[in-house]
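All remarks here apply to the structure that follows.
Proteins come first, then strands; the chains are lettered A, B, ... in the order of their sequence lines, and each starts at number 1.
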Amino acid sequence: MSKSLKLFGGTALGTLAVLTMSVNFADRNIASFPDNPAVMTAIAAPVVSSGLISAANASTSAGEGKLGLGRAALPEEIAAWDVDVSPDGTGLPVGSGSVEDGEMLFSENCAVCHGEFAEGVGNWPELAGGEGTLANEDPVKTVGSYWPYLSTAWDYVHRSMPYGQAQTLSTDEVYAIVAYILYSNFLVEDDFVLSNENFLEVEMPNADGFIVDDRAETEYPIWRTEPCMENCKDNVEITMRASVLNVTPEDEAAAEAEKVIEAANAVTETEAPVEEVVAAVEEPATDAPDPELVAAGEKVFGKCKACHQVGEDASNRVGPALNGIVGAEIGAVEGFKYSRVFDEMDGTWTEEELAAFLADPRGYARGTKMSFAGLKSEEDIAAVTAYLASFD
Amino acid sequence: MSDILKPSRRAFLRGSAAAAAGLTAAGAARASGPDPLITETQDWAIYFGEGVDATPYGLPIQYEADVVRRNVEWLTADTTSSINFTPIHALDGTITPQGCAFERHHSGAIELRKEDYRLMINGLVDTPLVFTYADLERFPRENHVYFCECAANTGMEWAGAQLNGAQFTHGMIHNMEYTGVSLRTLLTEAGLDAAGDLSDKWVYVEGADASSNGRSIPMDKALDDVLVAFKANGEALRKEHGYPVRLVVPGWEGNMWVKWLRRVEVMDGPVESREETSKYTDTLADGTSRKWTWVMDAKSVVTSPSPQSPITHGAGPLVITGLAWSGHGAITRVDVSKDGGKTWETARLAKPGEKMALTRFYLDTEWNGEDMLLQSRAMDETGYVQPTKAQLREVRGENSIYHNNCIQTWHVKPNGEAENVEVS
């Protein structure tokens, strides 16, 4: 606090605080400045904070405190990064998309994780349903049942989805997909077309379901009291135990750590030269792959990780586990449910076949569940293939 | 050489009779015979250890290999959008080493070089600016220690005692010393005249990763103590904490501490991004939800003894220790109860509480070897007293997910094991 005061040399902060507080509740379309818990409740905080604001207003107008660092942002740069969309539609680009197109796009790009009807697959988020469940024991929170603003859905899909391939959808595709999510929530009809023009007409069922943090009124007065020190209750009983549920991963983790210690210890005990141990682990193969290529491939595999696992303990996720995939039969990983096209394909994953598939998954296998645009560079394909070949 | 290893904690947790017997038998030290560790010349007293070129950047010694972050697999669909937990049960003091400080990502920990780093300030500013990493290092710097707590810390415990260990119930927290430039300085550099009256303005902050994790912060906080940080505990941020630059929002929920910070936009209102509508809103029993619950209220937990840190020495002198913190300011007092909240003793603070930073407390006590229901209760400088779970539920119900700052209970049994329990 004293630091702030020194920096801005504020005087008469109290008066300024009163002035700025009074405009906090101006009637605004977008939620107005909050009845901020930090400000309203922290001792003396309103004075400091509002003082800072006034002081900042004053100091910047004089151009004070500037060091002349950085450079002006170019309009193209701002356009590239400033893509957020606000509840009142500010930031929405011109465009449109239909439920019909959205259904196809969703199926191709989103359904592996979120389900064909946006109902969610396994542990992946559900985007539809749950209407009227918010007061239940297990509320189901989806775009339809919970989200107060449609802008949030547009903004998030545009900026962050599909998971693992963010920012690859066009403006119209995002409109279409968002229209389809609305349709999946029974909020629009199947002939609906969403555009920047009718965007604000869509009503979100839970728009009024939120209140601004009210802990300062509902909780702090109760809990800012002198605490009891003695005879605080007559009797104490255990009402629930964690061991009943037994969901703590402690054992495996501890076992893992123990293995590390034991392994380290085994080395010292037998006094085996370290090189030998390392060699045994790394298993020198006859046609040893280029380690640099494998390392590059590991990086490329980052693009696949949202859906695939490889290595020890790899299991089937959105896509099949890829251990030993180079040279394996196509579509034959145990326990994985493939698309029809994969089920019907014969052959083995030679390096050539893999390269063709990874360059253009949907071209190679029309109807594949693998919603991945493909790897553009041949080097990346060679690298990831070498990386995959290093696991058997 | 395995005899130099400490008895396995795991063996103890398994409840192996032999291990338990051996451990609880320990009382006042009376040697049954000369200790070979003393009477026999040990290898380490004869031969060399490693040279100075062996470890250019050191990791903890192998014997501490179990003091690591851990995750709970069933919590999330994928580790790239998930959380792991700080091993607070095994740490002491207040500073969290970066290497075991919890991580939470929404699209994985990216690798972004300083050379490729850009920070844009735009929106309602006089001159939208772009800074490089090198530019940031030319602004006046500040150092502050702050805790960063995920709003979901203890979130799995709303409906009942669930995870058995302080790491899992309270480990979405870390506490580091940050070096950086105040956000106020950078906003001033861009000029805030264009924004007019600042009292109803906001900043929107977002990261460079695929999730972007955008959040809206009211201007008064942005101009108060928010830091654009590039160092933690003296060294560069780890990639999992946002290398090269992250936002530090003291006392407020961890989700707002945007990592890989790439843009700050001065705005008329909040964006109401996914992270502040779909997530990080707290649903009450009647189905309405609180939003903008940014401040982390006062909270504490006994870190030892606790389920992963059982008592292995039997009755006698015992150090009960834990952590306390508050997003409203400094911790002023921590009380500890051994009987589930019937009676309380005031613990010793290792140092006077610091604003929005972890405070370490100790209760140096004598254990009689009987059952304990261990609790801790924090108080902060606003007079706020950490509530019980029952008190929280009464106001909020059981579905608010976030901001569970209830008093935690460990049941310590006569054999020294501890369990996460809920009491009446």
Practice task
Taking the side chain as every heavy atom from C-beta outward, state whether Q375(B) and W344(B) have any atom pair closer than 4.5 Å.
Solution key: yes
So which of [options] has the biggest tally of heavy-atom pairs under 4.5 Å with chain B?
options	result
P139(A), G68(A), A73(A)	A73(A)
C307(A), A153(A), P227(A), G70(A)	P227(A)
L74(A), T239(A), V121(A), N235(A)	T239(A)

Could you tell me whether [X] and [Y] have a side-chain N and a carboxylate O separated by less than 4.0 Å?
X	Y	result
E226(A)	R333(B)	yes
E381(B)	R224(A)	no
D213(A)	K291(B)	no
D155(A)	R274(B)	no
D197(B)	K201(B)	no
R118(B)	E77(A)	no
R241(A)	E419(B)	yes

Contact class of [X] relative to chain B, heavy atoms under 4.5 angstrom:
X	result
R71(A)	both
F210(A)	both
P148(A)	side chain
D82(A)	both
W223(A)	both
V85(A)	backbone
K233(A)	both
E230(A)	both

So which of [options] has the biggest tally of heavy-atom pairs under 4.5 Å with chain A?
options	result
E206(B), R396(B), M156(B), R262(B)	R262(B)
G340(B), S289(B), G287(B)	S289(B)
L136(B), L392(B), T127(B), T185(B)	L392(B)
D78(B), D135(B), T288(B)	D78(B)
M267(B), E275(B), Q162(B)	Q162(B)
P387(B), S211(B), S107(B)	P387(B)

Report which part of [X] has an atom under 4.5 Å of a heavy atom belonging to chain A: side chain, backbone, both, or neither.
X	result
N71(B)	backbone
A134(B)	neither
F139(B)	both
N420(B)	both
A190(B)	backbone
T79(B)	neither
I61(B)	neither
S216(B)	neither
L129(B)	both
A194(B)	neither

Handout entry: Check: W202(B) ring centre within less than 6.0 Å of W292(B) ring centre
Key = yes
Handout entry: Between H328(B) and Y220(A), ring centroids under 6.0 Å
Key = yes
Problem - Inter-residue atom distance E265(B).CD - W81(A).CH2, 0.5 Å rounding - result: 13.0 Å
Practice task
Nearest 0.5 Å please: distance from the CG atom of D335(B) over to the CZ atom of R377(B).
Solution key: 4.5 Å
Handout entry: Over 12 foreign heavy atoms within 6.0 Å of CG, D286(B)
Key = yes
Practice task
For atom CD of Q167(A), decide whether the heavy atoms of other residues, nucleotides or ligands shown that lie under 6.0 angstrom number more than 12.
Solution key: yes
Fill in the blank from the handout: Heavy-atom closest pair (Y146(A) atom, N206(A) atom, distance to 0.1 Å) is O-ND2, 3.0 Å
Problem - Closest heavy-atom pair and its distance - D84(A), R263(B) - result: OD2-NH2, 2.5 Å
